[in-house]
There are 2 protein chains.
Amino acid sequence: MTSTLITGIGLLSTQSEIDDVRDAAVVLDGDRIAWVGIGNDAPAADDRVDVGGRAVIPGFVDSHAHLVFGGERSAEFAARMSGQPYSAGGIRSTVAATRAASDDELRQNVHRLTRELINSGSTTFEIKSGYGLTTQDESRALRIAREFTPETTYLGAHVVAPEYADDPTGYVDLVTGEMLDACAPHARWVDVFCDRGAFDADQARAILRAGMSAGLAPRVHANQLQHGPGVQVAVEMGAASADHCTHVDDGDIAALADSGTVATLLPGAEFSTRSPYPDARRLIDAGVTIALATDCNPGSSFTTSLPFCIAVAVRDMHMTPTEALTAATVGGAKALRRNDVGSIKVGARADLVVLDAPDPIHLAYRPGVDIIHQVWRAGAPVRRAADER
Amino acid sequence: MTSTLITGIGLLSTQSEIDDVRDAAVVLDGDRIAWVGIGNDAPAADDRVDVGGRAVIPGFVDSHAHLVFGGERSAEFAARMSGQPYSAGGIRSTVAATRAASDDELRQNVHRLTRELINSGSTTFEIKSGYGLTTQDESRALRIAREFTPETTYLGAHVVAPEYADDPTGYVDLVTGEMLDACAPHARWVDVFCDRGAFDADQARAILRAGMSAGLAPRVHANQLQHGPGVQVAVEMGAASADHCTHVDDGDIAALADSGTVATLLPGAEFSTRSPYPDARRLIDAGVTIALATDCNPGSSFTTSLPFCIAVAVRDMHMTPTEALTAATVGGAKALRRNDVGSIKVGARADLVVLDAPDPIHLAYRPGVDIIHQVWRAGAPVRRAADER
């Protein structure tokens, strides 16, 4: 096992109980962080990398992504930008393309998108099913997702499968029965889209309960398209996260603040559906824990860039650059109930992003610009330094 | 001189009188485009590059960028995001840092930013002075800018230099006298910031007239911070472009529509100052020619990414993806009165961007994602293919 001293860190943002450190160094030992502190105090290591005064942050944790799909929906996007509203119905066109795709086509698409994620600094990512909607296609999606991440989420309850359009109860039976049995071995999480055009509160409860009985932990797509019961169901069921939270009322916010449920905000979806953004300030001021994630999917948010989401969260959701960075790192880790990623501390996984900037504020200050200089994941350099590319 | 056949182009968006072509090919001969058409009809060439069905567009033309400066202003940005409004006054802090920087520091910063521009697909870019505000510092900025582009703009009239705070008339005399004499040999354009806190209509006219007498062509920073006379002055003086156009009335729009003056919209500035966006629809519907540019500068828009500007223009300014692409290519070329860049046609400079996408809609559909696969500039590959990086 090799140790590496990363030194010359102008500003280290740890996102842990350690305050930010200037002129810092970090020692990686194998896949873990072994030491964090002032550069001058750093112990020796086998290798030494000087990052030339750049800022270093934890790898981002993208806790919400739909990466197993076929096809794309750029024409639907262009139509929407000309005034057509977004609805959950577009999901069905991706379902058809996903079912028609071969395993290798799906795998190559996930590979491409996870490379994008890693290149933009995300070292931990969740992947959902939800474009198969048959027992075979959902379990296939989760098997493929598992090749890329342990954070796999069973989302058979994305929308009612087209074959069950007239029998939603029958589809809930499938999702909580045979489909769950086939999917649970490949998933860590169970999720449900509790919203207009998808599943109501009782259906959502039944789906989450069945998943939990099968050993999965709950998370919920809540309150994206309109105000509804999603957030309350998430809190009631002890979900790790209520995702979207675009339309929430005082009761929802109070419930989140009193719970262990993280509010995962997905500004890429509001950006790409031209919808109003969630009120991050109200949530933060009430004490709710916030995560930022990409929601990467071909319909409503085809971005893999957490730096982009940070820039929009700062500009349009009035989060401070510091709050946005926290939400995209340790916030995402909390939404996945992970303590080993999302922050820089001894014992954590060695996931670091070296920014081509003196301060992480540049993630929002330089919108659209690739300022990711280098990425380390589990102790290995997974994106080469900018000057070596 | 080597010729290169670029083939396997799934969709070629020419932005010229040639309609978009599917299954297209382009032949580059030296630094020029020698042939455009259907792949099967393509003539032979010395080299052959197959782009695997990807979309190809003209290189972007960034007609508005302030790249010669010292320092950065991320702390000011963070303060602004916490509620402090933007004013032209912040320019003065960059003036101090620019004057204090060595030639090599300035040159290295321009080099870094132009690399970012090229990597994000911009193959033509304008560079302004405007952070020196002394005869020596303005002419130095333009000499350095000229090392990178022929599209250099004398912007001694960015704000009144701090030394002339109590004598703006004296500063206009300097800008139209000794400073102009020193700068004109290194510039193609003369520009003035005609807005609140900068220069009024009479001052702007005097500055543009003096520049034109010295052989420079006019362009104007107009109507960014509030409604004012900037657009009318630009049209009256025959400016190539009125830049910003954030606050315009019916009279301004009618004047632009009847003129040869392009309206250059700079959504990066509205994004990073959290200001209302210009009303692109109203301008387009009135028949005004639109350019999109980055306004790259350390105060109000520190982005080099025209793909980012396109995504924001589509989302927040209601431009269609096609309109935004046109504005960022041939629109920018018109704002620089260039006919040899910004479109793909025989005889034009061989500036091409290969997108890692089947359609240029993806520039807006995939916000924040680096979908630039390869960049050709004057016939040479200036960004390696994504899979070779």
Side-chain angles (χ1 to χ4, degrees), chain A residues 72-78 80-83 112-113 115-116 119-120 267-268 270-274 294 296 298 301-312 314-316 318-322 324 356-372 383-384 386 388-389, chain B residues 72-78 80-83 112-113 115-116 119-120 267-268 270-274 294 296 298 301-312 314-316 318-322 324 356-372 383-384 386 388-389:
Chain A
E72 55 101 293
R73 282 152 62 191
S74 59
E76 175 192 321
F77 170 80
R80 188 164 67 236
M81 290 300 108
S82 305
R112 174 177 73 104
L113 295 170
R115 276 310 315 172
E116 288 183 6
N119 282 339
S120 58
E270 280 82 26
F271 188 91
S272 291
T273 60
R274 209 185 268 145
T294 62
C296 180
S301 181
F302 203 3
T303 186
T304 45
S305 172
L306 268 166
F308 171 76
C309 296
I310 287 171
V312 173
V314 168
R315 198 271 181 193
D316 288 310
H318 294 250
M319 292 175 75
T320 68
T322 304
D356 201 6
D359 192 293
I361 293 173
H362 282 238
L363 291 162
Y365 174 52
R366 306 220 55 209
V369 180
D370 177 12
I371 63 162
I372 308 297
R383 185 178 184 187
R384 275 181 292 179
E388 294 166 6
R389 264 171 235 153
Chain B
E72 55 100 294
R73 281 151 64 191
S74 58
E76 176 191 321
F77 170 81
R80 190 164 67 239
M81 291 299 108
S82 305
R112 173 176 74 105
L113 296 170
R115 275 310 316 171
E116 287 183 6
N119 283 338
S120 58
E270 280 83 27
F271 188 91
S272 291
T273 59
R274 208 185 268 144
T294 63
C296 180
S301 181
F302 202 2
T303 186
T304 45
S305 172
L306 268 166
F308 171 76
C309 295
I310 287 172
V312 172
V314 168
R315 198 273 181 190
D316 287 311
H318 293 250
M319 293 175 74
T320 68
T322 304
D356 201 7
D359 192 293
I361 294 173
H362 282 237
L363 291 162
Y365 174 52
R366 306 219 56 208
V369 180
D370 177 12
I371 65 162
I372 308 298
R383 185 179 181 185
R384 276 182 291 180
E388 294 166 7
R389 263 170 236 153

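Lettering of chains follows the sequences in order, A, B, ..., and the numbering in each one begins at 1.
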Does any backbone or side-chain atom of [X] lie under 4.5 Å from a heavy atom of chain A? Answer side chain, backbone, both or neither.
X: Ile310(B); value: neither
X: Arg112(B); value: side chain
X: Ser120(B); value: neither
X: Ala357(B); value: neither
X: Pro358(B); value: side chain

Among [options], who wins on heavy-atom pairs under 4.5 Å with chain B?
options: His362(A), Glu116(A), His318(A), Met319(A); result: His318(A)
options: Phe77(A), Phe308(A), Phe302(A); result: Phe302(A)
options: Cys296(A), Pro298(A), Pro307(A), Gly83(A); result: Pro298(A)

Donor-acceptor pair, side chain of [X] and main chain of [Y], under 3.5 angstrom:
X: Arg80(B); Y: Arg274(B); answer: no
X: Arg315(A); Y: Glu270(B); answer: yes
X: Ser301(A); Y: Thr294(A); answer: yes
X: Tyr365(B); Y: Ala75(A); answer: no

query: Taking C-beta and beyond as the side chain, do Ile371(A) and Leu363(A) meet within less than 4.5 Å on heavy atoms?
result: yes

- prompt: Any side-chain heavy atom of Cys309(B) within less than 4.5 Å of one from Leu306(B)?
  reply: yes

message: I need the residue from Ser305(B), Ser74(B), Gly368(B) with the largest number of non-hydrogen atom pairs under 4.5 Å to chain A.
response: Ser74(B)

message: So that I can tick it off, tell me whether Asp370(B) and Arg383(B) are bridged by a salt bridge, with the cut-off set at under 4.0 angstrom between side-chain N and carboxylate O.
response: yes

query: Where does Leu113(A) contact chain B at under 4.5 Å (heavy atoms): side chain, backbone, both or neither?
result: side chain

